Amino acid sequence: MKILIKVLKGDECEVEVFDTTTIFELKRKVEKILNIPAAHQKILYLGRTLIDDKTIGSYSTTIKPGSKLTIVVKEGEMLKDVMLKLFKRYYPEEQAANMNRTFIADFERKLNEMSLDDIERMATYFLNRDRQLYGDATHPI
């Protein structure tokens, strides 16, 4: 079936999907058509966020041929902000802030110690891993 994908305040496209197509696979299709990284897409239908590992068929009572889904483009977050949110889930505010400062300082120190060869080996490893997990795509996750 064909469904319409509309980017909030942006482009739109029509995409061919099946009941077995996962939402993540749909994001990959949209990535190829509209050039929006799958990791930055949040797909909504009737105000509900669709879950990556669910299939179109799991929403079959609502998603029909010609349905219009909306994409909200999420900007990537800084590592320090993501880590602080994570630490705050488990630790008091002050302790979380201290742990975050320590983590970021250690991360930056280790990153600065890496050679370009180290970085290239690491990038190659993750690109190959993503290709095995998600298929050969121009923009791995």
Side-chain angles (χ1 to χ4, degrees), residues 1-64 66-141:
M1 77 174 128
K2 291 190 179 205
I3 57 173
L4 182 66
I5 304 292
K6 170 82 172 111
V7 179
L8 193 63
K9 299 179 183 175
D11 294 332
E12 62 182 50
C13 65
E14 195 171 64
V15 179
E16 178 76 31
V17 294
F18 303 96
D19 284 343
T20 56
T21 304
T22 65
I23 300 306
F24 183 75
E25 291 169 335
L26 173 60
K27 287 180 177 183
R28 298 293 283 203
K29 288 181 178 196
V30 170
E31 177 179 21
K32 289 178 183 174
I33 297 168
L34 297 178
N35 213 18
I36 300 169
H40 292 194
Q41 297 176 34
K42 180 177 181 180
I43 299 183
L44 306 172
Y45 184 64
L46 300 176
R48 288 181 42 206
T49 300
L50 304 185
I51 309 299
D52 282 355
D53 58 350
K54 288 199 171 190
T55 63
I56 295 291
S58 66
Y59 297 101
S60 64
T61 57
T62 55
I63 298 178
K64 305 277 187 229
S67 291
K68 183 178 177 181
L69 282 63
T70 304
I71 292 183
V72 176
V73 179
K74 307 178 291 183
E75 293 300 321
E77 292 184 81
M78 298 292 290
L79 177 63
K80 67 178 182 166
D81 298 332
V82 172
M83 293 307 298
L84 182 58
K85 283 183 201 175
L86 181 66
F87 288 139
K88 282 182 177 180
R89 283 189 202 165
Y90 302 102
Y91 300 100
E93 180 90 26
E94 187 175 326
Q95 187 178 4
N98 288 336
M99 292 173 73
N100 194 46
R101 277 191 295 278
T102 302
F103 173 83
I104 294 299
D106 186 51
F107 178 80
E108 287 175 348
R109 181 183 53 76
K110 288 180 180 177
L111 191 60
N112 288 330
E113 291 173 358
M114 293 178 75
S115 70
L116 290 177
D117 287 339
D118 294 334
I119 294 170
E120 183 177 9
R121 277 192 293 277
M122 188 170 67
T124 300
Y125 166 80
F126 285 112
L127 285 171
N128 288 334
R129 184 202 64 182
D130 285 353
R131 284 187 181 122
Q132 288 176 345
L133 291 173
Y134 307 112
D136 191 20
T138 56
H139 301 290
I141 303 171

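As the structure is a computational prediction, the values presented were derived from the model and not from experiment.
- Using a 4.0 Å cut-off between charged side-chain N and carboxylate O, Lys29 and Glu25 make no salt bridge.
- How far CG of Asp53 is from CZ of Phe24: 11.0 Å, rounded to the nearest 0.5 Å.
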Could you tabulate the donor-acceptor pairs under 3.5 Å formed by side-chain atoms of residues 88-97, not counting sequence neighbours?
unit_1, atom_1, unit_2, atom_2, d
Lys88, NZ, Glu93, OE2, 3.2

Checklist entry - Checking side-chain contact (heavy atoms from CB on, under 4.5 Å) for the pair Leu26/Ile5: CA distance, chi angles, key distance, verdict? => result CA-CA 10 Å; Leu26 173 60; Ile5 304 292; 4.2 Å; yes

Next on the checklist: For a salt bridge (charged side-chain N to carboxylate O under 4.0 Å, His left out) check, start with the C-alpha distance between Asp106 and Lys110, then their side-chain angles and the critical distance, and finish with the verdict.
Outcome noted: CA-CA 6 Å; Asp106 186 51; Lys110 288 180 180 177; 3.3 Å; yes

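- More than 12 heavy atoms of other residues, nucleotides or ligands shown are found within 6.0 angstrom of NZ on Lys6.
- The structure places CZ of Arg129 at 6.0 Å from OH of Tyr125, a figure rounded to the nearest 0.5 Å.
- Closest heavy-atom contact between Thr22 and Asp52: CB-O, 3.7 Å.
- Looking only at side-chain heavy atoms (C-beta outward), Glu108 and Ile104 come within less than 4.5 Å of each other.
- Formation of a donor-acceptor pair under 3.5 Å by the Asp19 side chain with backbone atoms of Thr55 is not found in this model.
- Between Phe103 and Leu84, the closest side-chain pair of non-hydrogen atoms is not below 4.5 Å.
- Looking at Ile51 and Ile23, their side chains never come closer than 4.5 Å, going by heavy atoms from C-beta outward.
- The OH atom of Tyr59 lies 4.5 Å from the CG atom of Leu50; values are rounded to the nearest 0.5 Å.
- Cys13 and Leu4 make their closest contact through O-CD1, 3.3 Å (heavy atoms, listed as atom of the first residue, atom of the second, distance).
- Tested against Leu8 for a side-chain contact (heavy atoms from CB on, under 4.5 Å), the candidates Val73, Leu44, Ile71, Val72 yield a single pass: Val72.
- Residues meeting the side chain to side chain contact (heavy atoms under 4.5 Å, CB included) test with Ser67, sequence neighbours left out: Ile3, Tyr45, Ile63, Lys64, Leu69.
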Checklist entry - side-chain contact (heavy atoms from CB on, under 4.5 Å) between Arg121 and Thr124: does it pass, once the steps are laid out? => result CA-CA 5 Å; Arg121 277 192 293 277; Thr124 300; 5.8 Å; no

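- Other residues, nucleotides and ligands place no more than 12 heavy atoms under 6.0 Å from the CZ atom of Arg48.
- Shortest non-hydrogen contact noted between Leu34 and Glu12 is CD2-O, 4.3 Å.
- To the nearest 0.5 Å, atom NZ of residue Lys42 and atom NE2 of residue His40 are 14.0 Å apart.
- No side-chain heavy atom of Asp118 sits under 4.5 Å from any side-chain heavy atom of Met122.
- Summarising the local packing, NZ of Lys74 is surrounded by more than 12 heavy atoms from other residues, nucleotides or ligands at distances under 6.0 Å.
- The 12-atom threshold is exceeded at CG of Leu111, counting heavy atoms of other residues, nucleotides or ligands nearer than 6.0 Å.
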Item to check | Evaluation steps, salt bridge (charged side-chain N to carboxylate O under 4.0 Å, His left out), between Lys27 and Glu31 | outcome: CA-CA 6 Å; Lys27 287 180 177 183; Glu31 177 179 21; over 6 Å; no

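- A donor-acceptor pair under 3.5 Å links the side-chain atoms of Gln41 to the main chain of Ile36, judged by distance alone.
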